[in-house]
Amino acid sequence: MSTEYIALMNVAARIARQAGDLVYVGRRNGAGSVQTKSSATDMVTEWDAASEQLILQQLGLVRPGDSIIGEEGTQIVGTSPYTWFVDPIDGTTNFLYNLSGYAISIAACIGVEPVAAAVFLPATRELFVAAQGHGAWLGSNPLRVSSCESLDTALIGTGFSYSSARRDAQGQRISRLLPHVRDIRRCGAAAADLCFVACGRLDAYFEEGLQSWDLAAGQLIASEAGAKISNFSGEPITPSEVLVSTPGIHSSLIASL
């Protein structure tokens with residue numbers, strides 16, 4: 001188990017908290033200028049860009065040889081084995097509407113495999129971290145997934161696409177699943193949902209069409225907390241199909257999805 005992963009986790013944690021403080025204080029004066037990306041409902045604010053710029057600058061100071069890929073367009077090719085996947089505000093719609101469920105997500109990866117991660121929720125001041133082989137924590141508390149073993153008592157998180165056609169298909173899946181579970185939650189930020197599985201606030205989370213920066217940090221945190229991760233068929237997880245759950249209901253969810 002590499003102690004370097006612990007060092008990388010601490011870098012991610014410090015920078016995530018700095019970026020979170022920046023956007024949280026900034027949001028007090030409004031969301032600022034807002035533009036759209038892939039659709040009229042896919043929004044980006046000036047604070048997304050400001051957060052990514054802060055993260056970029058801080059990583060450049062302490063990890064100058066690493067590659068960085070950020071949601072708002074950063075693509076830096078480095079010379080080390082590490083690539084940082086950065087989501088400067090995951091859950092921008094929550095941020096825009098002044099809802100609490102947005103997050104800063106930062107992960108160090110070797111290839112696409114996350115080895116160190118931090119997810120910071122500015123509104124609740126919660127910092128989730130993990131290092132591969134060393135566990136996951138919320139603050140100083142080690143994380144463990146729930147003990148749920150029955151789908152009919154499971155609280156399931158999910159998310160929806162910005163594409164109206166894809167949302168229609170997702171809605172049909174939800175309508176089939178809903179009668180067989182305790183309930184469904186749509187919190188609005190993939191990184192936060194993955195951390196909620198890690199700490200037992202959700203029993204499972206699934207979504208389609210994520211990006212690597214949405215998934216990397218939360219995936220490691222959930223995995224290190226004991227979650228089982230895959231795509232909808234039980235094969236290796238990819239951003240296009242994400243299923244993360246407590247082990248006791250994983251196979252049942254695969255059958256349902």
Side-chain angles (χ1 to χ4, degrees), residues 38-39 41-42 71 85 87 90-91 93 101 103 105 107 109 111-114 117 119 128 130 132 136 143-257:
S38 64
S39 74
T41 57
D42 182 8
E71 181 181 15
F85 288 93
D87 196 335
D90 186 30
T93 301
S105 177
C109 300
V112 295
E113 181 182 6
V119 174
F128 296 85
Q132 187 184 79
L143 297 181
R144 198 68 195 166
V145 296
S146 80
S147 58
C148 180
E149 294 188 349
S150 176
L151 199 58
D152 60 2
T153 59
L155 187 64
I156 311 294
T158 192
F160 303 116
S161 171
Y162 291 117
S163 159
S164 59
R166 183 175 288 176
R167 287 165 73 90
D168 181 54
Q170 290 169 331
Q172 293 178 44
R173 177 183 288 117
I174 290 294
S175 70
R176 293 195 301 271
L177 181 62
L178 186 57
H180 305 289
V181 300
R182 182 188 297 273
D183 209 344
I184 301 286
R185 292 290 181 267
R186 195 276 199 263
C187 301
D193 284 332
L194 291 160
C195 292
F196 293 164
V197 175
C199 68
R201 296 179 193 172
L202 292 173
D203 300 307
Y205 162 75
F206 70 92
E207 189 165 353
E208 297 170 278
L210 297 180
Q211 301 293 334
S212 295
W213 49 75
D214 298 313
L215 175 62
Q219 171 187 333
L220 180 64
I221 292 165
S223 177
E224 287 291 321
K228 196 160 184 180
I229 63 174
S230 72
N231 69 3
F232 293 175
S233 303
E235 297 168 350
I237 194 170
T238 67
S240 61
E241 275 193 6
V242 172
L243 172 57
V244 177
S245 78
T246 188
I249 60 171
H250 192 260
S251 60
S252 297
L253 272 170
I254 288 172
S256 297
L257 293 175

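These numbers were taken from a predicted model, which means no experiment stands behind them.
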Heavy-atom pair with the smallest gap, counting every atom of Ile249 and Glu149: CG2-C, 3.6 Å
Minimum heavy-atom distance between Ala130 and Leu220, given as atom pair plus value: O-CD2, 3.8 Å
Interatomic spacing from OG in Ser163 to CG in Asp168 - rounded to 0.5 Å: 9.5 Å
CD1 on Ile221 to CG on Leu194, rounded to 0.5 Å: 8.5 Å
Minimum heavy-atom distance Leu155-Arg201, with the two atoms named: CD2-O, 3.7 Å
Worked check of side chain to side chain contact (heavy atoms under 4.5 Å, CB included) between Thr153 and Cys148: CA-CA 7 Å; Thr153 59; Cys148 180; 3.9 Å; yes
Under 3.5 Å donor-acceptor, Ser105 side chain and Asp87 backbone: no
Nearest-0.5 Å distance that lies between atom CD1 in Ile174 and atom CZ in Phe206: 4.0 Å
Side-chain donor or acceptor of Asp90 paired with backbone N/O of Ala191 under 3.5 Å: yes
Side-chain heavy-atom pair Val244, Ile237 within 4.5 angstrom cut-off: yes
Least distance between heavy atoms, Val145 atom then Pro247 atom: CG2-CD, 4.0 Å
Separation between CD1 of Ile156 and OH of Tyr205, rounded to the nearest 0.5 Å: 12.5 Å
Gln219 CD to Glu113 CD distance, which is reported to the nearest 0.5 Å: 8.5 Å
Side-chain donor/acceptor of Glu241 to backbone N/O of Phe232, under 3.5 Å: yes
Non-hydrogen side-chain atoms of Leu243 and His250 separated by less than 4.5 Å: yes
Inter-residue atom distance Leu253.CG - Leu151.CG, 0.5 Å rounding: 5.0 Å
Contact summary for Arg173 and Glu208, nearest pair of heavy atoms: NH1-OE1, 2.8 Å
Main-chain N/O of Ser161 paired to Arg167 side chain as donor or acceptor, under 3.5 Å: yes
Side-chain donor-acceptor pair present, Ser256, His180, cut-off under 3.5 Å: no
Minimum heavy-atom distance Val119-Gly218, with the two atoms named: CG2-N, 4.2 Å
